[in-house]
Every structure is written in structure tokens, then in C-alpha cells.
Amino acid sequence: MIDLKLLQKDFESVSAKLMRKGVDATLIENLKLKNGELKKAKVNFETLQALQNSMSKEFGAYKREGKDISELKQRVDANKIVIAEALDIQRVAHEELEAIAMAIPNMPDDSVPDGIDEDDNIEIKKVLTPKEFSFTPKEHWELAEQNGWIDFERGVKLATSRFSVSFGMGAKLERALINFMLNFNAQRGFEEVSVPALVNRTALEGTGQLPKFEDDLYKMEGQELFLIPTAEVPLTNLFQDEILASEQLPIKMTAYTSCFRKEAGAAGRDTRGMIRQHQFHKVELVTIAKPEQSEEIFNEMVQTASDILTALELPHRIVNLCTGDLGFSAAHTTDIEVWLPGQDQYREISSISNTRDFQARRAKIRYKDGKKNLFVNTLNGSSLAVGRTLVAIMENNQNEDGSIDIPEVLKPYLDMSV
RNA sequence: GGAGAAGUGGGUGAGCGGCUGAAACCACAUCCCUGCUAAGGAUGCGUACGGGUAACUGUACCGAGAGUUCGAAUCUCUCCUUCUCCA
């Protein structure tokens with residue numbers, strides 16, 4: 001949620017920032033208007049309520065003293081009707097404001113470059129050089145099938161398209177990657193957490209998936225429960241509606257979960273292989289931090305994800321997302337893209353965002369700074385998407401005969417004898 | 001699955017439908033006293049959103065929501081959670 005006070009106080013700059021992210025100018029204008037309306041309605045209601053309260057107090061005194069209450073009761077009853085109307089006006093104003101405000105994305109930082117889509121993202125640096133192949137490298141689905149690691153047809157049989165099944169070394173590699181990543185993150189100070197895969201509406205509103213993106217979520221029938229699209233949701237919402245002690249911060253967490261996405265609107269994209277699945281494994285990083293800590297931790301998170309790829313000897317590049325490619329909740333985002341020789345391009349494998357106080361406002365996560373309660377900053381990032389890492393290993397480590405070399409760092413995690 | 005009990009501020013725990021935003025104790029903060037391994041005293045101490053330069057002040061919140069009432073932590077209903085007992 002954007003800061004409505006700031007919007008009121010500094011309308012020009014807030015709306016300019018939101019417009020960079022493509023928010024309609026009239027919508028912002030409307031938000032300001034509604035906010036003013038609500039304020040007025042609130043003052044009006046509270047004034048009436050104060051009158052009612054004081055009359056009610058009098059009422060008690062009258063009774064104790066045995067005075068006649070009929071005249072007072074008349075006034076009180078009359079005021080009651082007026083209050084009901086005022087309350088109604090306030091309620092409507094609040095609902096209208098909420099509906100608009102909850103659907104408005106975060107303001108991008110000034111450092112975020114302008115742009116329309118991923119083509120306008122800015123490459124910051126490349127890490128490791130892709131190796132030259134003496135043959136034409138294959139795409140991962142071909143390698144996966146040839147090695148018997150992944151079965152796409154049987155995934156469809158069990159569920160529907162965009163599901164797959166891993167077998168043997170494919171399955172073991174996934175498990176090894178998860179363990180490797182969790183341990184790696186733990187060494188960088190991120191505490192491992194195990195969280196529910198189902199969350200309620202409040203949690204999803206807190207992190208920004210709802211109300212706007214319900215179409216992309218799997219919802220339980222007859223219940224207000226959703227499968228998580230990312231561990232960011234449960235991890236961040238762990239502290240929903242809490243006021244944390246200053247010394248507790250930063251809280252650095254990592255979690256492995258399955259993630260579930262309907263991929264509405266991605267029809268036709270990456271239909272082959274395991275790049276874009278409805279269910280996928282991901283190891284996530286989430287940090288709850290003080291505002292002054294958040295940029296330093298952001299860089300740590302990017303570095304951690306990048307270092308995992310380096311440890312796996314996977315060439316990748318780090319990219320600063322432009323306004324057009326920025327997610328709903330993010331103030332700024334850095335993507336890590338891994339080199340896929342089979343596809344002959346870099347593909348996203350991690351996305352790290354600082355949402356600043358956007359999610360904290362929605363989820364009401366604050367900390368005590370001396371006397372005052374301030375909103376925390378929340379950060380999230382993949383470290384890493386497991387399936388895509390496996391894809392990268394297959395494509396980068398393939399030999400001409402289709403066999404695949406296992407990265408050294410994973411060998412301790414794999415019992416190679418079975 | 002059935003039957004009971006309970007959910008109050010950081011913690012423990014009182015609360016008669018109006019004098020309760022809420023006793024008391026602990027914890028915490030500041031100050032005073034005193035020097036000895038501690039104790040005593042004073043004051044302060046919830047959150048959100050408003051109004052005011054400020055002192056201060058208004059509204060709401062006692063698991064959540066709805067209701068009864070001029071007025072509800074206190075009565076009624078629904079839901080959630082926890083505990084105990086039974087199957």
C-alpha cells in the first residue's frame with residue numbers, strides 16, 4: 001500500500017512516480033479525492049459520536065440522581081439516527097478508498113530505469129563466461145528425456161499440462177540442489193524456516209498478490225485458502241500485525257517450498273520443458289529490516305544468489321529491471337539470469353526485490369524505534385528456482401553424447417553409488 | 001466426532017451494563033534514596049486514525065464479526081483458537 005499521507009502531502013511527486021509505473025493519472029487523482037472524502041466523513045462521524053457518548057454519560061448521572069430523562073432520551077434517539085447515516089457514509093468512503101488503494105502498485109525508486117518490458121532492463125554485470133561447445137548444445141527437455149531424468153507426458157497424465165515428474169538422478173539432483181541452496185543461505189545468515197503451503201486471503205493481501213492477481217492463484221474449493229505462489233507470502237506474513245523490537249532486526253530467513261501458479265496470461269510461452277510449470281520448487285530468501293538496513297541486505301541477497309550459481313559453475317548475468325518489468329510490490333528489483341546454451345540466451349533464475357514499506361503497510365509489520373512505531377522494509381528473492389537451476393546444469397554441463405556432468409559442489413549431496 | 005471451560009494491555013491476572021482504556025502485581029523507563037552484591041520510594045509506561053505550535057484532546061480497539069441498549073470488556077448469536085473430559 002502506498003503512503004496516503006505522503007500522497008496527500010506531496011501529490012505531485014507521488015503521482016509522477018506512480019505514472020512511471022503506468023498507473024493511470026485519473027486513478028491517482030481519484031485516490032486523493034477519496035482519501036479527502038474519507039477524512040471528512042470520519043471527522044463528521046467522530047464529532048457526532050462524541051456528542052452521543054457525552055449524552056450517554058449524562059444519562060447515567062440523571063438516573064442516579066433520579067432526574068427526568070425523557071427529554072434527554074429524545075435528543076439521544078434523534079442523534080442516533082444521524083450517526084447511523086454518518087457511519088454509513090464513512091463506511092462507503094472507506095471501502096471505495098480501500099478498493100482503489102489496494103490495487104495500486106508500489107512506487108518505483110528513482111534509480112529504476114524507465115522502460116516498457118524486459119528488453120529495457122539494464123545489464124549490470126556478467127559472471128563467468130559461457131563455454132564454447134564443439135557441437136550444437138541441446139535444449140534441456142531433450143537431455144532430460146534422453147537421460148530419463150524428467151518425464152513430461154506422465155506429468156500431464158497425473159495432472160495437466162505444465163506438470164512434470166522427475167526420476168532417478170533427476171529427482172535426486174533436485175533434492176541435492178534444495179539442500180545445497182538452503183545450507184548455502186544458512187551460511188550467509190539466513191535462518192531456515194518451514195512454512196505452510198496454504199495461506200489465507202489476508203496473507204496474500206499483505207504481500208500484494210491479492211486483490212489484483214487472484215486469477216493466477218490456485219484456490220481451495222469452499223475455503224478462503226490458496227496455494228502459495230512463492231514462499232515470500234508465508235515468510236513475510238509471519239510478522240503480520242506485529243510490532244517488532246528494534247534489536248530483532250534484521251530478520252533473515254530462507255525457506256524451501258513448492259510454488260503454485262496458474263500462469264494465467266502465459267499461454268503459449270515456454271510450453272515445452274520445465275521453465276514454466278504450474279508447480280515448481282523454489283528456495284526463497286526473505287528479510288525483514290529497518291529502512292536504513294534494507295539496501296545493504298538487498299545487495300547481500302543478490303550476492304548470495306549469484307554466489308550459488310558461481311559455486312555451481314553456471315554463467316549468469318545480473319540485470320536491473322526497468323519500470324515496465326517491475327512487479328506490483330517492488331520498489332526496485334534485480335534479476336539474475338542464467339545462461340542456457342541450448343536456448344542460446346540468458347533466462348531468469350532469480351528475482352530479488354526491495355518492497356521498502358509497501359508490504360509492511362499492507363501487512364502492518366512495524367518495529368519500535370525508541371518511542372515511535374515505524375514500518376519495516378521487506379525484501380524477497382529467489383535463491384534459487386530449483387527447476388531452472390536443474391535446466392541450467394543440464395544445458396551447461398552436457399557432453400556431445402548427451403551425458404551430463406554433475407557439479408562438484410553437489411556431489412557430497414548425492415550418493416553416487418546408488 | 002460428542003460434552004464442558006476459557007480467550008482482557010509486554011507477562012500474570014481483577015473486572016457490578018454507566019464512576020473502566022481498563023485494578024493489582026511483575027517486567028520496562030526515568031528520577032530520588034542508599035553504597036554493597038540487593039532493597040526501598042516517586043513518576044511514567046498499549047495501538048490505530050483524527051484535531052491542535054504545544055499543553056492537550058476526539059474516536060475506535062478487552063480473540064474476530066454481528067446484535068440488544070441512550071450506554072457493553074460485562075448481555076445475546078455466529079465464527080476462530082486454546083485447554084479438559086468422553087468416544
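Note on naming: letters A, B, ... go to the chains in the order of the sequence lines (proteins, then strands), and numbering restarts at 1 for each one.
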Under 3.5 Å donor-acceptor, A:E37 side chain and A:A93 backbone: no

Distance, P atom - from B:U30 to B:C62, rounded to whole angstrom: 32 Å

P atoms of B:G46 and B:G9, separation to the nearest Å: 13 Å

What's A:E58 touching, base or sugar-phosphate or nothing? Going by heavy atoms closer than 4.0 Å. nothing

Could you state the atom-to-atom distance from CG of A:N79 to P of B:C70 in whole Å? 13 Å

Rounding to the closest angstrom, what is the interatomic distance between B:G63 and B:G50 at atom P? 26 Å

Distance check needed: B:G71 C1' versus A:K57 NZ, whole Å only. 10 Å

A:S382 side chain vs A:S351 backbone, donor-acceptor pair below 3.5 Å: yes

Who are the salt bridge (Lys or Arg N to Asp or Glu O under 4.0 Å) partners of A:E95, not counting sequence neighbours? A:R91

Can you measure A:M55 atom CE to B:C70 atom P for me and round it to whole angstrom units? 12 Å

Nearest-angstrom distance, P atom, B:C79 to B:A60: 28 Å

Between A:L321, A:D109, A:N121, which is the residue that forms a side chain to side chain contact (heavy atoms under 4.5 Å, CB included) with A:T333? A:L321

Taking only the C1' atom of each, what is the distance from B:A55 to B:A14 in whole angstrom? 33 Å

Using Watson-Crick and G-U wobble pairs with both distances under 3.5 Å, what is the 5'-to-3' dot-bracket string of RNA chain B, with [ ] for crossing pairs and | for pairs outside the strand? ((((((((.[[[..)..(.....]]].(((((.......))))).((((((....)))))).[[[[[..)....]]]]]))))))).

Would A:F213 and A:F328 count as a close aromatic pair, with their ring centres under 6.0 Å? yes

Please check if any side-chain donor atom of A:N377 sits under 3.5 Å from a side-chain acceptor atom of A:Q293, or the reverse. no

Between atom CD in A:E224 and atom P in B:G65, what is the gap in whole Å? 17 Å

Could you check whether A:K364 gets within reach of a base, just the sugar-phosphate, or nothing at all, counting any heavy atom under 4.0 Å? nothing

Atom C1', compared across B:C75 and B:U53: separation rounded to whole Å: 46 Å

If each of A:V76 and A:S56 is mapped to the nucleotide of RNA chain B with the nearest heavy atom, which maps nearer the 5' terminus, i.e. the 5' end? A:S56

Please confirm whether the backbone N or O of A:A264 pairs with a side-chain atom of A:D216, one donor and one acceptor, at under 3.5 Å? yes

Candidate pair A:Y346 and A:H316, rule ring-ring contact (aromatic ring centres under 6.0 Å, His included), full reasoning: CA-CA 7 Å; A:Y346 285 97; A:H316 56 281; 8.6 Å; no

May I have the distance from A:I83 (atom CD1) to B:A60 (atom C1'), rounded to whole angstrom? 13 Å

Atom pair distance, as rounded to whole Å: CZ in A:R201 and P in B:C80: 18 Å

Is there a donor-acceptor contact under 3.5 Å from the side chain of A:D151 to the main chain of A:E153? yes

A:K80 NZ to B:G71 C1', in whole Å, measures 9 Å

Quickly work out the A:Q90 CD to B:A60 P distance and round it to whole Å. 11 Å

Aromatic contact, A:F152 with A:F163 (centres under 6.0 Å): no

Can you tell me, in whole Å, how much space there is between the C1' of B:G18 and that of B:G13? 24 Å

Atom P, compared across B:U8 and B:A73: separation rounded to whole Å: 15 Å

List the protein contact pattern of nucleotides 44-58 of chain B with one symbol per nucleotide (5' to 3'): B for base contact, S for sugar-phosphate-only contact, - for none; contact means a heavy-atom distance under 4.0 Å. ---SSSS-------B

